[in-house]
Amino acid sequence: MTTDPGRTAVRHPRPTRAELAAAADRTIPDVLAPGLTVLFVGINPGLWSAATGWHFARPGNRFWPALHRGGFTQRLLHPSEQADLPALRLGITNMAERASARADELSTEELLAGAAILTDKVARYRPRWVAVVGVTAYRIGFRRPKAAFGPQPEAVAGARLWVLPNTSGLNAHFTPVTLGAAFAELRVAAGLPDRREPVQS
């Protein structure tokens, strides 16, 4: 994939209902590399992600727009371009590996086990920051029932920890603008430049 802002948009077929139904309980590969600046942690793959193999792939999910609004990417990336992220020192994994239609289908045990697996991944790949995209999953998985958004006092295997809002379209408490601002706050704390293209006058 390329991050050329002038590239022609590619159309991707939408998964069929049968393909989405068959995607339940599947897993998808992480986007990981050693020494990332920020490792984003979703709750678990949705059916759309499991059907395509792309993280945060459902069209209503606002992760990729928030990533761009927050200044992490030069332009809005399509989920199919997730392999471009490590070159920007960014990566993606999940708290729980199995796909489901809704995150609330996950059990407490799955989130607790997922937090332990995540800690092992962080110890192996050594990102500087771990950003959990969803405060409820973080509260359950890491046994922090009163955790709020933003930087956390504890670390994960030596990485600093940040909690971002859930970017699902079902999260009506945050707009695209406020999600972008939350992501930008993390980017500034992580010391990354604003990569957005300047607006043409």
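Basis for what follows: all heavy atoms, side chains included, without hydrogens, waters or symmetry-related copies.
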_Matching residue for Tyr138 among Val41, Leu164, Leu161 - test: side-chain contact (heavy atoms from CB on, under 4.5 Å)_ = Leu161

*With distance as the sole criterion, is a donor-acceptor pair present between the side chains of Ser100 and Asn44 under 3.5 Å?*
yes

*Please check if the side chain of Gln82 supplies one atom and the backbone of His55 the other of a donor-acceptor pair under 3.5 Å.*
yes

*Shortest non-hydrogen contact between Ala23 and Ala99, atoms and distance*: O-CB, 3.7 Å

_How close do Gly71 and Asp194 get, counting heavy atoms only, and between which atoms?_
CA-OD1, 3.3 Å

_Steps toward side-chain hydrogen bond (donor to acceptor under 3.5 Å, both in side chains) verdict (Arg62, Thr167)_ = CA-CA 5 Å; Arg62 297 166 294 174; Thr167 56; over 6 Å; no

_Polar side-chain atom of Arg139 near backbone of Ala147 as donor-acceptor pair, under 3.5 Å_ = yes

*asked:* In this structure, would Leu90 and Leu76 fall into the same cluster of hydrophobic residues linked by side-chain contacts under 4.5 Å?
replied: yes

*Do Leu186 and Leu88 belong to the same hydrophobic cluster, where Ile, Leu, Val, Met, Phe, Trp and Tyr are linked whenever their side-chain heavy atoms lie under 4.5 Å apart, directly or via other members?*
yes

*Looking only at heavy atoms, which two atoms of Val31 and Leu36 are closest? And how far apart?*
O-CD1, 4.5 Å

_Joint cluster assignment, Leu39 & Val132, ILVMFWY side-chain distance < 4.5 Å_ = yes

*asked:* Quick test of your reading of the model: are Arg98 and Glu105 salt-bridged, counting only N-O distances below 4.0 Å?
replied: no

*asked:* To check you understand the geometry: which heavy-atom pair defines the closest contact between Phe56 and Gly42, and what is its length?
replied: CZ-CA, 3.8 Å

*Quick one: closest heavy-atom pair of Val38 and Ala131, and the distance?*
CG1-CB, 4.0 Å

*Leu32 and Ile28: same hydrophobic cluster, using ILVMFWY side-chain contacts below 4.5 Å?*
no

*Look at the side-chain heavy atoms of Ile, Leu, Val, Met, Phe, Trp and Tyr, link any pair under 4.5 Å apart, and say whether Leu111 and Val163 land in one connected group.*
yes

*Any side-chain heavy-atom pair from Leu85 and Leu67 closer than 4.5 angstrom?*
yes

_Ring centers of Phe72, Phe40 separated by less than 6.0 Å_ = yes

*asked:* Between Thr52 and Trp48 (side chain of the first, backbone of the second, donor and acceptor by atom type, cut-off under 3.5 Å), is there such a pair?
replied: yes

*Give the minimum heavy-atom separation between Ala190 and Arg128, together with the two atoms involved.*
O-NH2, 3.1 Å

*Please answer whether the main-chain N or O of Ala157 pairs with a side-chain N or O of Arg126 as donor and acceptor at a distance below 3.5 Å.*
yes

*Test Arg75 against Glu81 for side-chain contact (heavy atoms from CB on, under 4.5 Å), laying out the working first.*
CA-CA 11 Å; Arg75 60 175 174 80; Glu81 298 176 278; 2.6 Å; yes

_Residues Asn61, Ser168; criterion side-chain hydrogen bond (donor to acceptor under 3.5 Å, both in side chains); working and verdict_ = CA-CA 5 Å; Asn61 194 291; Ser168 167; 5.2 Å; no

